[in-house]
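In the text below, chain A, chain B and the rest are named by the order of the sequence lines, each starting its count at 1. As a basis for the values below, the full set of heavy atoms in this structure was taken, side chains included, without hydrogen atoms, waters or symmetry mates.
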Amino acid sequence: MRKQAKTAITPTRAKDYPVWYQQVVKASDMAENSPVRGCMVIKPWGYALWENIRDVLDNMFKETGVKNAYFPLFIPKRFLEKEAEHVEGFAKECAVVTHHRLEGGEDGGLVPAGPLEEPLVVRPTSETIIGESFSRWVSSYRDLPLLINQWCNVVRWELRPRIFLRTSEFLWQEGHTAHVGPNEAMERTLQMLDIYERLAESYLAVPVIKGEKTVSERFPGAVNTYTVEAMVQDRKALQAGTSHFLGQNFARASEIKYQSTQEKEEYAWTTSWGVSTRLIGAIIMTHGDDDGLVLPPKIASSHIVLMPIIKKPEHRNAVMDYTHALARELREITYHQRKIIVEIDCRETGGRGWDWIKKGIPIRVEIGPRDIAQDSVFLGRRDRGPSEKESIPKGQFVKTIVSILDEIQKNLFDRALRLREENTKQIDSKDDFYAFFTPENSERPEIHGGFALSHWCGNQACEEKIKEDLSVTIRCIPLDAEKETGTCIACGGKSPMRVIFAKAY
RNA sequence: CGGGGCGUGGCGCAGCCUGGAAGCGCGCCUGCUUUGGGAGCAGGAAGUCGGAGGUUCAAAUCCUCUCGCCCCGACCA
């Protein structure tokens, strides 16, 4: 009967997922590209998400004894050269500062002058410079464990940037700890992984799988790398956080030594762990729909927008008073350690409701004279269709707002989990495996594939072969994987367990 | 950096092949009208057609170079 249902975002996810993603970022007013390729301007609506993620994590870290500190942006080049694998891993993507001054050039422009004696590298990660500090801070077993975190930006020169997912500069937190022994360090590594899981699942409503990375996917210089992997709506894997057991590699490189109770000099055992603004990309791709962003209430930039409906001037005062009174009432309510954030949108245009849908605000409330007469509000929820709105008594709304938000939060998680489960397959035959990861339309690949739980013999060559053939990699070896013998999907050799294969961001 | 696609008001697009006064939809501003759930009518503001050269009487349109964005590949949180 009606013209086809319009979506607020074109193209839709099914039509062109990458372009859809960019349109959501734009339409939700979260961020924009900067004049510098690969960098982004994070606007208030996007930055608020980061602040909320930061607050949640920061508290969790501190509950486990971690302290915040700040280390310099610039790292002397020789520091990066200390750990061989580390050098190799990061050398290709480092920004290097070689001068400390600009001088007037011939054509009125500026030219770099004052060359530095030793070039400075803009931190791609801070293991080396923090290691240098740690080496001076640690001398006795009594100084351990040393538990430090910093919130900062880092730079990794990216060839193919994607806003929030892979930018040349991004914001993150990097935790660095030093311990007396391997067990304690490993325990910390996994403890932080648990925190990332908790952040992802109970705050971002993003289901994740904890696992260990294979050798080829490991952090350069690490002994083990652990990850939380999410599946986003085009069924690709997204690494949402990593935690590394560094063994004594960096302690050796940076001379982090302590005297043990036996009066022996020992190298410390270290860890590092981080999550970045990439998480915002994970939120967009996990929950967003064809009408735009969908924000999980627990970390939403704002929770509710109130939209007064004023058709006749004589109603104005009554409607505005009612709206402001409701806003005051709502702002007193605490939702998971945060006061509820209420927006009031007084624009008198029809499209404003859609602006808020595109921004992903969990709850929209329309308030007009008729509602006021019944002392009720007209409510729209972002986990439901744009026109599935209902009138409910104001008192009830205020009383149940927390549980409504919780319900939305839960619905988003359940929906995301269902998507992952529906697209996770145990695959044992090589043909099925190749078919699973091959689109029907190779020109314009449709959304296909997912997570394949398949056997792998542990041989790097097999992993490499799959990657070459299909651009599919082992996302992780799940920590809770059951021991189950089988045959390797690539070579047919013996395999002790299933791992997760997927295309990845 | 290699292959493919695309850059036209804030957003989405047409026009380009065949050169001849910059258009459409949404949004924005003003006014009037209007069951309260993506309103209607009328008027209006806003673009050096990504940038630089060139061909031409005339370039959004043809040619060359360049920059940016998206996809595929190499690299990666």
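For CD of A/Glu440, the number of neighbouring non-hydrogen atoms (other residues, nucleotides, ligands) closer than 6.0 Å is 12 at most.
Atom P of B/C6 sits at a distance of 14 Å from the matching atom of B/C63, rounded to the whole Å. Comparing the P positions of B/G47 and B/G23 gives an interatomic distance of 13 Å, to the nearest angstrom. Atom C1' of B/U35 sits at a distance of 25 Å from the matching atom of B/C26, rounded to the whole Å. If you take atom P in B/G51 and the same atom in B/G4, they sit 24 Å apart, rounded to whole Å. For the C1' atoms, the distance from B/U55 to B/U64 is 11 Å, rounded to whole Å. B/G9 and B/U66 have their C1' atoms separated by 24 Å, with the value rounded to a whole Å. Taking the C1' atom of each, B/G50 and B/G68 are spaced 7 Å apart, rounded to whole Å. B/G15 and B/A21 are spaced 14 Å apart, taking the C1' atom of each and rounding to whole Å.
Every residue meeting the side chain to side chain donor-acceptor pair (under 3.5 Å) condition with A/Asp383, not counting sequence neighbours, appears here in chain and number order: A/Arg381, A/Asn411. Residues meeting the ring pair (Phe, Tyr, Trp, His ring centres under 6.0 Å) test with A/His303, sequence neighbours left out: A/Tyr335. Contacts of A/Lys394 classified as salt bridge (Lys or Arg N to Asp or Glu O under 4.0 Å), with partners at least two apart in sequence or in another chain: A/Glu329. A search for ring pair (Phe, Tyr, Trp, His ring centres under 6.0 Å) contacts involving A/His244 returns A/Phe219, not counting sequence neighbours. Residues that satisfy the salt bridge (Lys or Arg N to Asp or Glu O under 4.0 Å) test with A/Arg475, not counting sequence neighbours, are A/Glu217, A/Glu229. With sequence neighbours excluded, no residue satisfies ring pair (Phe, Tyr, Trp, His ring centres under 6.0 Å) with A/Trp157. In this view, A/Lys467 satisfies the salt bridge (Lys or Arg N to Asp or Glu O under 4.0 Å) rule with no residue, not counting sequence neighbours. Scored by the salt bridge (Lys or Arg N to Asp or Glu O under 4.0 Å) test, A/Glu132 finds A/Arg136 as partners (sequence neighbours excluded). Qualifying side chain to side chain donor-acceptor pair (under 3.5 Å) partners for A/Thr271, counting only residues two or more places apart in sequence or in other chains: A/Thr177, A/Trp273.
Rounded to a whole Å, the CG atom of A/Asn33 is 12 Å from the P atom of B/G68. Taking atom CZ of residue A/Arg37 and atom P of nucleotide B/C67, one finds them 11 Å apart after rounding to whole Å. Rounded to whole angstrom, the span from the CH2 atom of A/Trp354 across to the P atom of B/G25 amounts to 21 Å. The CG-P distance, from A/Asp16 to B/C6, rounds to 14 Å in whole Å. Atom CG of A/Asp234 is separated from atom C1' of B/C70 by 14 Å (rounded to the nearest Å). Rounded to whole Å, atom C1' of B/G37 lies 15 Å from atom CD1 of A/Ile310. For the pair A/Tyr21 OH and B/C70 P, the computed distance is 11 Å after rounding to whole Å. Between the CZ atom of A/Arg384 and the C1' atom of B/G37 there is a distance of 17 Å, rounded to whole Å.
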Between N or O atoms, less than 3.5 Å apart, protein on one side and nucleotides 7-12 of chain B on the other: list the pairs.
residue	atom	partner	partner atom	Å
B/G12	OP1	A/Gln23	NE2	3.3
B/G12	OP1	A/Lys26	NZ	3.3

Could you pull out the protein-nucleic contacts involving nucleotides 31-34 of chain B (nitrogen or oxygen on both sides, under 3.5 Å)?
none

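Here A/Tyr17 and A/Tyr21 keep their ring centres 6.0 angstrom or further from each other. A/Phe501 and A/Phe436 have their aromatic ring centers separated by at least 6.0 angstrom.
At a threshold of 4.0 Å, the pair A/Asp289-A/Arg382 counts as salt-bridged, since one of the basic side-chain nitrogens sits closer than that to a carboxylate oxygen. Salt-bridge annotation for A/Asp194 and A/Arg198: absent, with no side-chain N of the basic residue lying under 4.0 Å from a carboxylate O of the acidic one.
When each of A/Gly38 and A/Gly368 is assigned the nucleotide of RNA chain B with its nearest heavy atom, A/Gly368 is the one assigned upstream, toward the 5' end.
Shown here, B/G12 forms a base pair with B/C24; the pair counts as Watson-Crick or G-U wobble because both key distances fall under 3.5 Å. Pairing of B/C75, defined by two Watson-Crick or G-U wobble distances under 3.5 Å, is not identified with any nucleotide. The partner of B/C32 is B/G40, judged by Watson-Crick or G-U wobble contacts that both fall below 3.5 Å. Pairing for B/G19 is absent, with no Watson-Crick or G-U wobble pair whose two atom distances lie under 3.5 Å. With a cut-off of 3.5 Å on both Watson-Crick or G-U wobble distances, the partner of B/A52 is given as B/U64.
Scanning atom types as modelled, one donor and one acceptor separated by under 3.5 angstrom connect the side chain of A/Asp371 and the base of B/G36.
Nearest to the side chain of A/Pro18, among B/G37, B/C71, B/G36, sits B/C71.
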Whether each nucleotide of nucleotides 72-77 of chain B has a protein heavy atom under 4.0 Å at its base (B), only at its sugar-phosphate (S) or at neither (-) is summarised, 5' to 3', as BBBSBB
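When the side-chain nitrogen and oxygen atoms of A/Gln22 are compared with OP1 and OP2 of B/C69, none of them lie within a distance under 4.0 Å.
Note on A/Pro386: nothing from the nucleic acid sits closer than 4.0 angstrom, heavy atoms only.
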